[in-house]
2 protein chains.
Amino acid sequence: MVSEFTVWFGRLTLDEAGELIDCHPFEKNPDILAERLLELQEGGQKVPATAPDLRRLAFDCGFVDMDEDYDVLLRDVCIRAAKNRISSTDTDDVRIVHAVEALDDIDKNVNELSERLLEWYGLYFPELELTGEPLSRFVLAFGSRANVPDDHPLFEKASKSMGSELSFADEELLRSFASNLCSLYDTRRHIESYIVTGMGSLAPNLADVAGALLGARLISIAGSLQKLASFPSSTVQVIGANRALFKHLRSNTPPPKHGIIFNNIIIKNAPWWQRGKLARAFAAKISLASRTDFYSGKKDPSIKEKLELKLTAIRNANPSPPKKETKPGGKASGARGKGRKKKGGKR
Amino acid sequence: MVSEFTVWFGRLTLDEAGELIDCHPFEKNPDILAERLLELQEGGQKVPATAPDLRRLAFDCGFVDMDEDYDVLLRDVCIRAAKNRISSTDTDDVRIVHAVEALDDIDKNVNELSERLLEWYGLYFPELELTGEPLSRFVLAFGSRANVPDDHPLFEKASKSMGSELSFADEELLRSFASNLCSLYDTRRHIESYIVTGMGSLAPNLADVAGALLGARLISIAGSLQKLASFPSSTVQVIGANRALFKHLRSNTPPPKHGIIFNNIIIKNAPWWQRGKLARAFAAKISLASRTDFYSGKKDPSIKEKLELKLTAIRNANPSPPKKETKPGGKASGARGKGRKKKGGKR
């Protein structure tokens, strides 16, 4: 029986004894060969039962003339293929994950630096009740409080301040410090809008249901959109609440009701007795949205609409806090006590 | 007997019965009165045995006409005096302390952000072996590796990189992130030169002996130059080694040989068996320098010269490591064991 198959250097036809009948070698260009190799690996072609000696076949084909030539070319092609595969790992969600992490880093660092500015500038203008970005903008704009114009709302405070005088060198220094802070705030906004744009094309449904930033953070914690799509919605519900979750699994404390999805206004602004139910419905739709994004990529506005209906239903069904006698807290604490005793007995 | 003294509103002369004989009231300007009040408090004037009724005397002087007038003016003067006193707490060393703390904050934050940049940019150019400031400058200058000119030393790497392509939006973002980092590095240098200049006028001897940055850091940890000058040199030697010192005091571990003065090249580059001796000599001269700075303020180059002589003497006297049999380690560990037993017995 004649078998026909492709190897890294060309398309071969062999007879039953494994002897070469026909051969179409590829172009001897490492870049093209590397691409063919990757295609070959992805194609998952069947290899003949008795593995043919490729080196000999390459000679027979006239693809190479020397042993050394074969080795050098194969090595080169493999390295290029590996590089190409590494390049292709950079998908859109990797970019989003990096942007989210950079955003968190900037947030943290900006907070520390603006506290430092607050303390430092407080020497010269302790009455100024600004913090964070407004403080940095104020210091950058005016420097010394002597420069505050008399139509500025803070002029009164500035002129009567008990702070000490700001020398020119100090003013320069504080202004340059504040200008750094301001540009960090600008970059923060820049990254935020990048995430919003990126999420609009990467995961439009997730961005629609959960909001772009929360969606991006979920992808970042899960690792990729694919992983997020593979999580059950109960996992999505508690992503970011790892400590509380493992404490629950270890020692029978009440399970966490929500992880980082708490940051969405739906849950944050809800009264406490609705939060668990809302979080469950919300996580279910997030899960659905991420799956739709990963597998179809098309925007489906019905997910958000259904979520709204569900949320309204939950809110209407639970208008007031549960009464004390039906509160599950007492029961749970009883169960907890039993659990502990059992554990103790086992030791 | 006639007594004459100054109160907050003027200079009074009273007879033995406490009746007003003569009176020179000050100008009725709260700012001037506040300054006089501070002078009065600093002067430490003797108060007559029977405290006179100042309110009545103020009326008698004709300083005020109404009770209310007296209260309002006194309150105003006291507030202004308090504000003036707060302003005057801002001495040069407070500025230096703030600058040192800002420097530490920037160092910490710049490190975190540059690690983030390294990881982020690594997606696009993993072969780039730059970190920290050179990396930020590279990203700011070129953005995408496609922009590296062909006469640049990194052109070869850039053109063969296995990193993925950088889209325009990503390039913008990374460049703005890198530009923040670059300006933080600039501010860091700015603060450093501010500290060097500031130390040159605040503590010239300390800056000469220990170096401006180390001197500033010592002042920062001590709280002020005055406090640093009041420390014994054994304290100066271990400033910044708090954990090791208290561990030593608690549980008889060997005492720390040096705190942050380790950062000086004298100690950092010395072989281990000279470090303790060098640190002791160095701390003694730092202590001396800070006292000279605080009490005279004049530069005395002989401190540094004597330090050099002392250091050379120590180096010449200890050219090689002590032999094993004379190493105090064995003894100390024996003593430590005893110490522990004693402690146990006391409990």
Side-chain angles (χ1 to χ4, degrees), chain A residues 79-80 82-92 94-95 98-99 101-102 104-106 108-113 115-117 119-124 126 160-167 169-170 172-174 176-181 183-188 190-191 193-195 197-198, chain B residues 79-80 82-92 94-95 98-99 101-102 104-106 108-113 115-117 119-124 126 160-167 169-170 172-174 176-181 183-188 190-191 193-195 197-198:
Chain A
I79 289 177
R80 271 168 212 243
K83 281 192 179 182
N84 285 352
R85 192 172 285 176
I86 289 170
S87 300
S88 67
T89 54
D90 170 42
T91 50
D92 277 346
V94 175
R95 289 162 208 252
H98 272 281
E101 284 173 359
D104 290 344
D105 274 356
I106 287 191
K108 202 184 128 212
N109 290 306
V110 140
N111 281 345
E112 281 186 18
L113 292 176
E115 264 174 51
R116 168 65 47 211
L117 182 67
E119 206 174 310
W120 200 358
Y121 196 65
L123 270 183
Y124 306 106
K160 287 189 175 174
S161 169
M162 67 177 97
S164 52
E165 289 305 312
L166 194 57
S167 75
D170 291 81
E172 281 280 285
L173 203 58
L174 277 162
S176 107
F177 197 85
S179 103
N180 280 331
L181 263 168
S183 59
L184 278 171
Y185 282 113
D186 291 341
T187 304
R188 199 202 171 285
H190 193 159
I191 297 182
S193 72
Y194 172 88
I195 292 175
T197 320
Chain B
I79 289 177
R80 269 168 216 242
K83 280 193 179 181
N84 285 353
R85 192 172 284 175
I86 289 171
S87 300
S88 66
T89 54
D90 169 43
T91 51
D92 277 346
V94 176
R95 288 162 210 253
H98 273 282
E101 284 172 0
D104 289 345
D105 274 356
I106 287 192
K108 203 183 126 212
N109 290 305
V110 141
N111 281 345
E112 281 185 18
L113 292 177
E115 265 174 51
R116 167 66 46 211
L117 181 67
E119 208 174 307
W120 201 358
Y121 196 65
L123 269 183
Y124 307 106
K160 287 188 175 173
S161 168
M162 68 177 95
S164 51
E165 289 305 313
L166 194 57
S167 73
D170 291 81
E172 281 281 283
L173 203 59
L174 277 161
S176 108
F177 196 85
S179 103
N180 281 330
L181 263 169
S183 58
L184 278 171
Y185 282 113
D186 291 340
T187 304
R188 198 202 171 286
H190 194 160
I191 296 181
S193 71
Y194 173 88
I195 292 174
T197 321

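The chains referred to below are lettered A, B, ... by the order of the sequence lines, with proteins before strands, and numbering in each begins at 1. Here the structure is a predicted model, which is why all the values come from computation and not from measurement. All values below were derived from every heavy atom in this structure, side-chain atoms included, with hydrogens, water molecules and symmetry-related copies excluded.
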Please assess A/Asn180 against B/Asn180 for the test side-chain contact (heavy atoms from CB on, under 4.5 Å), listing each intermediate value before the final yes or no.
-> CA-CA 7 Å; A/Asn180 280 331; B/Asn180 281 330; over 6 Å; no

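Between A/Ala99 and B/Trp120, the closest heavy-atom pair is CA-CZ2, 4.0 Å. Here the shortest heavy-atom pairing between A/Glu112 and B/Asp105 reads O-OD2, 4.2 Å. In terms of heavy-atom proximity, B/Glu119 sits nearest to A/His98 at O-CE1, 3.5 Å. Nearest heavy-atom pair across B/Ser176 and A/His190 is OG-ND1, 3.8 Å.
Between chain B and the options A/Leu184, A/Leu117, A/Leu174, the largest number of non-hydrogen pairs under 4.5 Å is found for A/Leu184. Contact count versus chain B (heavy atoms, under 4.5 Å) is highest, among A/Ile191, A/Asp170, A/Val110, A/Thr197, for A/Asp170.
Contact annotation for B/Glu172: both backbone and side-chain heavy atoms come within less than 4.5 Å of a heavy atom of chain A. Heavy atoms closer than 4.5 Å to chain A are found in the side chain of B/Tyr194, but not in its backbone.
For the atom pair CG (A/Asn84) and OG (B/Ser164), the distance works out to 11.5 Å, reported to the nearest 0.5 Å. For the atom pair CG of A/Leu113 and CD1 of B/Ile106, the computed distance is 6.5 Å after rounding to the nearest 0.5 Å. The CD1 atom of B/Ile79 sits 9.0 Å away from the CE atom of A/Met162 when rounded to the nearest 0.5 Å. How far CZ of A/Arg116 is from NZ of B/Lys108: 10.0 Å, rounded to the nearest 0.5 Å.
Within the 4.5 Å cutoff, the side chain of A/Ser167 has heavy atoms near those of the B/Arg95 side chain.
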